[in-house]
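Heads up: the structure comes next, in structure tokens.
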Amino acid sequence: MSQRGKELASTFSPAEIEAPLYEKWISAGYFTADANSSKEPFSIVLPPPNVTGILHIGHALDQTLQDCLARIKRMKGYEVLWLPGMDHAGIATQNVVEKQLAAQGMSRHDLGREEFVSKVWQWKAESGGAILDQMRRLGDSVDWSRERFTMDDGMSNAVVTIFRKMYDAELIYRAERIINWCTRCLTALSDIEVEHQDDAGEFVQVRYGDGEQSIVVATTRAETMMGDGAVAVHPDDPRYKHMIGTEVLLPLVNRMIPIIADELVDPDFGTGAVKVTAAHDPNDFEMALRHNVPFVVIMNEHGIMEGSGTEFDGMDRFDARVAVVAKLKELGRIVAEKRPYIHAVGHCSRCDTTVEPRLSKQWFVKVAPLAKASADAVRSGAVKIEPEELAPRYFDWVDNMHDWCISRQLWWGHRIPVWYGPNGEMVVVGPGESAPVGYVQDLDVLDTWFSSGQWAFSTFGWPEKTNDLAKFYPTSVLVTGYDILFFWVVRMMMMSTFAMDGVPPFKTIMLHGLVRDQFGKKMSKSRGNVVDPLEFMDKYGADALRFTLARGANPGTDQALAEEWVGGSRNFATKLWNATRFAMMNGATVEGPIPDAASLNAIDKWILSRLTETIRDADSLFEKFEFAKASELIYHFAWDDLCDWYLELAKESFATGSAADSQRVLGHVLDQLMRLLHPLMPFITEELWVSLTGGESLVIAKWPEANLNYLDKTAENLVTQMQAVITEVRRFRNDQGVKATAKIPGRLTTSGELAKYASAMGFVLKLEAKEFTPTAAFEIGSVKCELDLSGTVDVVAERARLTKDLATIQKDQQTAQVKLGNEGFMAKAPAEVVTEIKERLVKTQAEIERITAALAVLPSA
RNA sequence: GGGUGCUUAGCUCAGUGGUAGAGCGUCUCGUUUACACCGAGAAUGUCGGGGGUUCGAAACCCUCAGCGCCCA
């Protein structure tokens, strides 16, 4: 562990300090929350990663932002709880273990349910949760003593409890419906587990019936026509009005089906007549209910045609489509066909198989009352969405939600706590209860999101009335990507408001974007542009990765990420390291009181003023979740103000040995800067701060407060002038081909306050203060600069420099003149703007005179 | 099809009415005892096109074009 005054290595190596520092924080127990504390609580639940997951760049962003908030609040004196854990991830995890079995030529059915599930637990114990170790690498200040898993005993108990509670409240029911079915995973999927893609299908028009009594329907799914129970048209469609109520012959199966009228039919789509396949299409299902159309099932769970009584039985659904169309063509019933026909088709979000709408008996959550409560919580302002521009998307979703299918035909997950009796009885078995003898349990498990929807309260011990629940619920803020707003956030809102008597699970929902590649393209395996956060941490350190991500995190928007930018953040870390090392070599200290501002020189006053502004503005940006802007602000203070200017300007006093005040000021500035940066870059700041101050740890150090007494516009103006002078002289030297490192005789003369700092400026400019005969002289504002170039001035270069300056300033002058000559501007622009432009005009005129004069005395080339 | 967002320097992005900015990249010079993972200096934009509002527009309105996302 580092100690005060320890000499810092000349190069910063993240790998050497990160792991030991994390160990230090853990063993000190800094991240362990105390539910009995009198401090105000601040709590976050980590969006639980899948137990199968490894840390990807999206996690790194999500967790960096959460850690940053947690660390700030901890430093601000809150009792902070950041609760970690994992999700059992039903389908994903089952797939992983099934794949392993398949490698041995086995299926889960060879093992049987019980053995398979224990195999999954075994897998979890051995290979699951790799992501948790990777989170340590990132520096996450989570409370490991409270780590949870969505299938641990406590959460399992909570799941059963809430199922019972919702069932009793008639919010859970069982029904036969059209659900999204994956023919590969062999399970139902909820709407959000279906991804719509534009696929190249076909659009064919088929003539049903014959002669007078015929109608042409348009469809993309010809293979389902054997299951048709009707043809539907719009009630007001003049083309078909006369046919409503009559029957037509359904080809291939030669069955008579009615023509019905329903508002749902779009007369402008296709022929305006559609087939109604009640058992294989959700819209058709709705229509069928209204019109008593029979449900004809013609496909099995694998997507194989079955029960149609035609030659197509036994064929795969996609082969059948081809065969059916071919047969219809043979029969002369194809009127038109379009191929390819691009349209949206649902795919399983897990395995990409085309989803099949399927009639089946499933468990559902009646979402209307829950969704309304969730919407109201945001509308009333009880829950804030950040950035608020994303709130309409939330409303759009919760206001139009379909009932949620929660049963899954899987083995890995929370088994539905419903038991069936021998005579069709059904009983929900709550916690601690047991089913009557002879009853058998429902075979299905619950949707993963059913349990993770309880993450904000079950993790605190619900349904027990625990101290954690009392202290930390509702949580302060939920940080997550906008991409899982619907998957998870809405579910948490619904489940929590229901379980917690109307108290929503968080006060603020902070949404961030996705991390994309360096060209702003989505990362994907197929594109080959996926980056590995662990690799970046290995190469550049965790702080560099975190800082890069935070610096790109504008609220609610995606960010691009390139390896070079992480490298840039590593450079920043090295800069901090070297600046601190240099400061300490020059006696920077936090010992003793900070001298009264009044007694300080302008350079010290200036850096304190800038520090104050930086703390004030960064703090306010952090409070508004403006991570990118806060990071940018601190970065420029540290690099530009502190390193490029303050340290350079202070070198003279360090060199001359009269630097006691500056040593104390510099110590203070670094101390405060490290605190301010700690949430973003916890490792390096800790290392440097402990070394500088001898303090125990930044994790428990006090968050910096802006001392407004340090604000000093006079000092700021003075230093701004000094910067202008130095920059101009450097430019002159550069144009004259004088190396920046070369010491040359020279002097700066001026009057007033600025005169006191002529030697500091001269020191930065490497001007030798000795007797000499100037060969070059020029003015920057009120400052006269005389130099001995030990030779003649490069007249061509100097003329070019001055001519360019003149052109720039003349343009400025013209702009100002045009404005002031504009009657409308003079009459309507605010007084302060007019004053500002007038001042600008005066300045430009002075500059023009100065440059013109300088050009005039310049010898001709 | 409905909704929504974007278009600013080579790239990625800030910038919601008053002289166009950052990071990375580019060019020139430079190893000065904090730092070459660095320093100094420089170049680079009719702010997607067109129209309008305004004394004044990158910003506000309309329109067109291109790209993206969400939902169906």
Side-chain angles (χ1 to χ4, degrees), chain A residues 8 10-12 191-192 196 266 268-269 282-283 343-344 346 389-390 392-393 396-397 400 482-483 485-486 513-514 516-522 540-541 544 548 551-552 554 556-586 626 628-629 631-633 635-636 639-640 643-644 647-648 651 654-655 726-735 737-743 764-766 801 804 808-809 811-816 818-830 832-834 836-837 840 844:
Chain A
L8 295 165
S10 66
T11 321
F12 166 53
D191 290 349
I192 51 174
H196 293 273
D266 176 5
D268 296 327
F269 181 77
N283 289 329
H343 64 133
E389 298 94 87
L390 291 176
R393 271 166 81 165
D396 189 48
W397 182 264
N400 300 294
Y482 63 72
D483 55 323
L485 185 61
F486 309 134
L514 311 178
R516 317 185 79 109
D517 78 3
Q518 59 184 314
F519 302 114
K521 298 287 175 216
K522 203 167 179 172
Y540 306 106
T548 308
R551 197 179 185 187
N554 284 298
T557 61
D558 292 350
Q559 64 169 298
L561 181 76
E563 178 164 354
E564 297 79 57
W565 309 345
V566 185
S569 296
R570 184 272 317 265
N571 296 352
F572 178 51
T574 306
K575 189 78 183 175
L576 293 169
W577 182 270
N578 282 307
T580 306
R581 192 164 66 100
F582 173 72
M584 288 170 66
M585 283 178 345
N586 282 285
E626 292 274 9
K629 292 187 180 67
S631 304
E632 190 76 3
L633 192 73
Y635 175 90
H636 284 293
W639 202 311
D640 301 352
C643 294
D644 285 352
L647 289 181
E648 292 304 321
K651 274 178 182 172
F654 290 142
I726 290 168
T727 303
E728 273 309 299
V729 176
R730 280 172 174 165
R731 195 170 146 233
F732 178 84
R733 288 174 54 131
N734 202 287
D735 286 352
V738 178
K739 290 178 183 174
T741 47
K743 289 191 175 175
V764 173
L765 288 164
K766 311 231 178 299
R801 188 176 81 92
K804 190 185 146 207
T808 307
I809 203 80
K811 206 176 149 200
D812 287 353
Q813 184 197 39
Q814 203 186 350
T815 309
V818 167
K819 284 204 172 195
L820 293 172
N822 183 329
E823 280 175 33
F825 176 80
M826 296 305 285
K828 295 190 178 177
E832 65 263 28
V833 175
V834 175
E836 193 198 316
I837 306 286
R840 202 184 295 162
T844 56

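Just so you know, these numbers come straight off a predicted model, no measurement behind them. First the proteins, then the strands, lettered A, B, ... as listed; each starts at 1.
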_Nearest-angstrom distance, C1' atom, B:G68 to B:G48_ = 15 Å
*Residues two or more places apart in sequence or in another chain: which of them pass side-chain contact (heavy atoms from CB on, under 4.5 Å) with A:Ala560?*
A:Trp565
*Rounded off to whole Å, could you give me the CZ-to-C1' distance for the A:Phe12 and B:C37 pair?*
11 Å
*What does B:G48 pair with, Watson-Crick or G-U, if both distances are under 3.5 Å?*
B:C64
At a cut-off of 3.5 Å, list every protein nitrogen or oxygen paired with a nitrogen or oxygen from nucleotides 14-17 of chain B, distance to 0.1 Å.
none

*With sequence neighbours left out, write down each residue that passes ring-ring contact (aromatic ring centres under 6.0 Å, His included) with A:Phe732, or none if nothing qualifies.*
A:Phe778
*In terms of the nearest nucleotide of RNA chain B, which residue is placed more toward the 5' end: A:Thr727 or A:Arg840?*
A:Arg840
*Mind jotting down which residue pairs meet the salt bridge (Lys or Arg N to Asp or Glu O under 4.0 Å) criterion with at least one end in residues 558-568 of chain A? Sequence neighbours excluded, please.*
A:Arg516-A:Asp558, A:Lys539-A:Glu563
_Between P on B:A40 and NZ on A:Lys651, what's the gap in Å once rounded to a whole number?_
10 Å
*Under 4.5 Å between any side-chain heavy atoms of A:Thr548 and A:Tyr540, yes or no?*
no
*Answer with base, sugar-phosphate or nothing: what part of the nucleic acid does A:Ala579 contact at a heavy-atom distance below 4.0 Å?*
base
*Quick one: the side chain of A:Arg393 and the base of B:C70, do they pair up donor-acceptor inside 3.5 Å?*
no
_If you assign A:His636 and A:Gly520 each to the RNA chain B nucleotide with the nearest heavy atom, which residue ends up on the more 5' nucleotide?_
A:Gly520
_Give me each pair satisfying salt bridge (Lys or Arg N to Asp or Glu O under 4.0 Å) with a member in residues 568-577 of chain A, each pair once, sequence neighbours excluded._
none
Pairs under 3.5 Å (N/O, protein and nucleotides 24-32 of chain B):
{"from": "B:U32", "atom 1": "O2", "to": "A:Lys766", "atom 2": "NZ", "distance (Å)": "2.9"}

*Using purine N1 to pyrimidine N3 plus N6-O4 or O6-N4 for Watson-Crick, or N1-O2 and O6-N3 for G-U wobble, each under 3.5 Å, what pairs with B:G39?*
B:C29
*side-chain hydrogen bond (donor to acceptor under 3.5 Å, both in side chains) with A:Arg840: which residues, sequence neighbours excluded?*
A:Glu836
*Quantified in whole Å, what is the C1' atom distance between nucleotide B:C29 and nucleotide B:A43?*
15 Å
*asked:* What verdict does the side chain to side chain contact (heavy atoms under 4.5 Å, CB included) test give for A:Trp639 and A:Leu576, after you've listed the backbone C-alpha separation in whole Å, the side-chain angles of each residue and the deciding distance to 0.1 Å?
replied: CA-CA 8 Å; A:Trp639 202 311; A:Leu576 293 169; over 6 Å; no
*Base partner of B:C71, which must satisfy Watson-Crick or wobble distances under 3.5 Å*: B:G1
*Mind running side chain to side chain contact (heavy atoms under 4.5 Å, CB included) on A:Leu485 and A:Leu390 for me, showing each step along the way?*
CA-CA 10 Å; A:Leu485 185 61; A:Leu390 291 176; 5.6 Å; no
_Among residues at least two apart in sequence or on other chains, which ones pass side-chain contact (heavy atoms from CB on, under 4.5 Å) with A:Asp396?_
A:Asn400
*Please determine, for the side chain of A:Lys804, which listed nucleotide (B:U12, B:A43, B:C70) has the closest atom?*
B:A43
*Please give the nucleotide sitting opposite B:C11 as a Watson-Crick or G-U wobble pair, both distances under 3.5 Å, or none.*
B:G23
_Starting the side chain at C-beta, find the nucleotide from B:A42, B:C71, B:A34 nearest to A:Arg731._
B:A42
_So that I can tick it off, tell me whether A:Glu648 and A:Lys651 are bridged by a salt bridge, with the cut-off set at under 4.0 angstrom between side-chain N and carboxylate O._
yes
*Taking only the side-chain heavy atoms of A:Asp644 (C-beta and beyond), determine which of B:A22, B:G39, B:C71 contains the nearest atom.*
B:G39
_The criterion is ring-ring contact (aromatic ring centres under 6.0 Å, His included); which residues satisfy it with A:Phe572, sequence neighbours excluded?_
A:Phe547, A:Tyr635
*Expressed as a whole number of Å, how far does the P atom of B:U54 sit from that of B:A72?*
44 Å
_Pairing residues for A:Thr844 by the side-chain contact (heavy atoms from CB on, under 4.5 Å) criterion, not counting sequence neighbours_ = A:Ile809, A:Asp812, A:Gln813, A:Leu841
*Please identify each residue that fulfils side-chain contact (heavy atoms from CB on, under 4.5 Å) with A:Trp397, with sequence neighbours left out.*
A:Ile192, A:Met401, A:Phe486, A:Val490
*Report which part of the nucleic acid A:Glu648 touches: base, sugar-phosphate, or nothing (heavy-atom distance under 4.0 Å, all strands).*
base
_Can you measure A:Gln559 atom CD to B:G23 atom C1' for me and round it to whole angstrom units?_
13 Å
*Touch class at under 4.0 angstrom, heavy-atom based, for A:Tyr482 against every strand present*: nothing
Within the sub-3.5 Å range, which N or O atoms of nucleotides 55-58 of chain B have a protein N or O partner, and how far apart are they?
{"from": "B:C55", "atom 1": "OP1", "to": "A:Lys828", "atom 2": "NZ", "distance (Å)": "2.1"}
{"from": "B:C55", "atom 1": "O4'", "to": "A:Gly824", "atom 2": "O", "distance (Å)": "3.4"}
{"from": "B:C55", "atom 1": "O2'", "to": "A:Asn822", "atom 2": "ND2", "distance (Å)": "2.8"}

